[in-house]
Amino acid sequence: MCGVVAVIGKENASQLVIEGLKKLEYRGYDSAGIASEANGLLQIVKSEGKLFKLVDKISRLSNEKKYFDSSIALGHTRWATHGNVNVDNAHPLTSENRIAVVHNGIIENYEILKEDLISEGFVFKSQTDTEVLPHLFMKYIKLGNDFLKAGRLVLQDIKGAFAFVAMSLDFPNQLFVSRNSSPLAIGLGEKSNFVGSDAKSIDHLTQRIIYLEDGDHALVNLDGIEIFDKNKNKINRKIINIKAEIGLITKGGYRHFMEKEIFEQPSVIPQTISNLIKNNSEININLRRLGIETKSALLITAAGTSYYAAMVGKYWIEHIADLPVIVDLASEYRYRKPSIFGQTSMIVISQSGESLDTLMALRYAKKLGLSTNSIVNVEGSTIDREAEYSLYTRVGAEIGVASTKSFTSQLIILFVISIALGEKFNKLQSKKIHRFCNYVNKLPNAIAQMLKIEDKIKLVAQNIKNSKSIIFLGRGLLYPIALEGALKLKEISYIHAEGFAAGEMKHGPIALIEDNVPVIMFLVSDGNEDKAISNLQEAYSRGAKVILIGDRKCIEKASFAHLKIEIPNFETDFKSLLSPLLMAIPAQLLAYHVANERGTDVDQPRNLAKSVTVE
Ligand code: M6R
């Protein structure tokens, strides 16, 4: 999603902005641009595509002495919402070559504002919603307002979710910034200050960070900042000291971040576990802070892969702790009138901690009176800050757009929550608690063993790489993994893929089966496997290319399958209860290798963003 970086007070501001934008690349974008001031003129350079194209353009212009570095610069990576991907629509957007604005979010009432501005004589050069911002600034500055007053008038006019930074030649040593729902951090330096979409984008410049709160606006000067809340009261926001990432995060010898993130699961997951389970069976989750003091229903909301983790969590919590769990898509939750009957607590799950849909669901539940909690990977993210209690996955930065290690670590937290709840509500005796904790501790090793089937998965990938459409089937705990397998595959290989509950096939989706359509099932023997195998047989009888990834017993039972991948041998109870964690691995590997076979951009697939900060 769009990334914003700004620097004021450093001689090589443009260069520092570019370094910040590089740190935001992983979020996904389709064009980039930069604005700076030189010799009293605004310099704008923009380009379609990846950041290196912008860098090339700037260095060409610098060699020709047509671009000068300056002590103030704004930069942007754009993920298109309004208007095609082209240079005109790339940010910064300007007004009369005197104001430049970079923006993340959507100005929802831009159409009416644009009409008014056009009738007042402003000329629009882009199809974006953002362009109303520089023109509104220009309008109010021309009326005699200073930068702060002009910015406040702009804020009165606009509706929507946004984080923006504006610079004006009329106020050369100032930046006006504001946020509403989209994230924005200000970094404090020595006679210099910085702005970024997240703290990481400016941690090469400072470790002293202030997160603006919703409705805040600020004037960032060379030697200080003034922050105001939505009622225009001057306010002090907390300064947080962050740890800088040592240099840029590297691929560590792997071809892609996604590959590295898949393969580092056995080594990073112990960080998730060590915080949750102490001394083998003491669970370090505060159920009182989680808002579950008495038996009540639990609500979990999330988006994408995190939502599939929530679905698995429901199965576990209901099965192990006998507590009802309602799982809701964050993007749906806020826009209906959900009943909170029987509920006291909600958990949102988000790798980035910035997904706007998920944040809004959390805020909505807070308003409804639920205790709001989060499972996040990025500590200090907006969701982490707004949740009353957070549990951290702690698997390190996830750069590949496709979630991998964050999914498995979310699952681990949910499984441990189910043990904690089972203990609290007397559904688990201490022997079983001990056994389940032991299962959790065995996971890093089990995942390492699952990764060893990579070569067999590669063969499947080669076999299905040219398919038009692929179906994933699962039952019970492995139904969400069928959904996750399909999501992962479509995200990075661009092949149409759908996941279905195996038992649902006969109620409609079976009509999709024709000769050679790959039907992939993840399966472990848990006593119910025969039902799933019958569903697979039904697909086989209609000409599907049946691919089974399962344990030996299932493979033997489904000998008719065209391709059979046997997983390593694990204890029956362990493998059936923790099957989602085991089977997530072949699902990730399969998507990764199909994408590689097809030569797609694995880490930054088309149209996708890592941090989805618009609704
Ligand atoms: O950061 P979040 O966990 O809130 O992100 C939610 C989804 O956008 C995310 O899981 C998305 O579906 C991934 N690209 C899946 O691989």
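Throughout, residue positions are numbered sequentially from 1 according to the sequence presented. Numbering of ligands and ligand atoms starts at 1, following listing order.
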Can you find a side-chain donor-acceptor pair between [X] and [Y] that sits under 3.5 Å?
X: Asn377; Y: Thr393; answer: yes
X: Ser374; Y: Ser390; answer: yes
X: Thr344; Y: Ser296; answer: yes

Taking only Lys NZ, Arg NE, NH1 and NH2, and the carboxylate oxygens of Asp or Glu, determine whether Arg237 and Glu213 approach each other closer than 4.0 Å.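 A salt bridge links Arg237 with Glu213.
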
Does the pair Glu597/Lys458 count as a salt bridge with the N-to-O cut at 4.0 Å? no

To the nearest 0.5 Å, what is the distance between OG1 on Thr272 and CZ on Arg394?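 So the gap between those two atoms works out to 9.0 Å.
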
Under 4.0 Å, heavy atoms only, figure out whether ligand 1 is touched by the backbone of Glu491, its side chain, both or neither.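 Only the side chain of Glu491 comes within reach of ligand 1.
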
Partner of His593 under side chain to side chain donor-acceptor pair (under 3.5 Å), chosen from Arg598, Glu454, Glu259: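 Answer after filtering Arg598, Glu454, Glu259: Glu454.
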
Evaluate [X] for polar contact with ligand 1, using N/O atom pairs at a separation under 3.5 Å.
X: Lys610; value: no
X: Thr358; value: no
X: Ile349; value: no

Near His82 NE2, under 6.0 Å, is it more than 12 heavy atoms from other residues, nucleotides or ligands? yes

Heavy-atom proximity to atom 5 (O) of ligand 1, best of Ser355, Ser381, Ser403: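 Nearest heavy atom to atom 5 (O) of ligand 1 lies in Ser355.
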
Given Ala302, Gly353, Ser306, Ala591, which one has a non-hydrogen atom that is nearest to atom 3 (O) of ligand 1?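 Ranked by closest heavy atom to atom 3 (O) of ligand 1, first place is Ser306.
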
Measure from NZ or CZ of Lys50 to the centre of the six-membered ring of Tyr29, then state whether that distance is under 6.0 Å and the direction lies within 45° of the axis. yes

For [atom], what is the nearest protein heavy atom, given as residue, atom name and distance?
atom: atom 6 (C) of ligand 1; answer: Ala303 O, 3.3 Å
atom: atom 1 (O) of ligand 1; answer: Ser352 OG, 2.7 Å
atom: atom 8 (O) of ligand 1; answer: Val612 CG2, 3.9 Å
atom: atom 10 (O) of ligand 1; answer: Thr305 N, 3.1 Å

Could you list which atoms of ligand 1 come closer than 4.0 Å to a heavy atom of Ser350? 1 (O), 2 (P), 3 (O), 4 (O)

Which ligand 1 atoms are under 4.0 Å away from a heavy-atom of Ala402? 16 (O)

Can you tell me if Lys488 contacts ligand 1 (heavy atom of the residue under 4.0 Å from the ligand)?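 The answer is yes: ligand 1 sits under 4.0 Å from a heavy atom of Lys488.
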
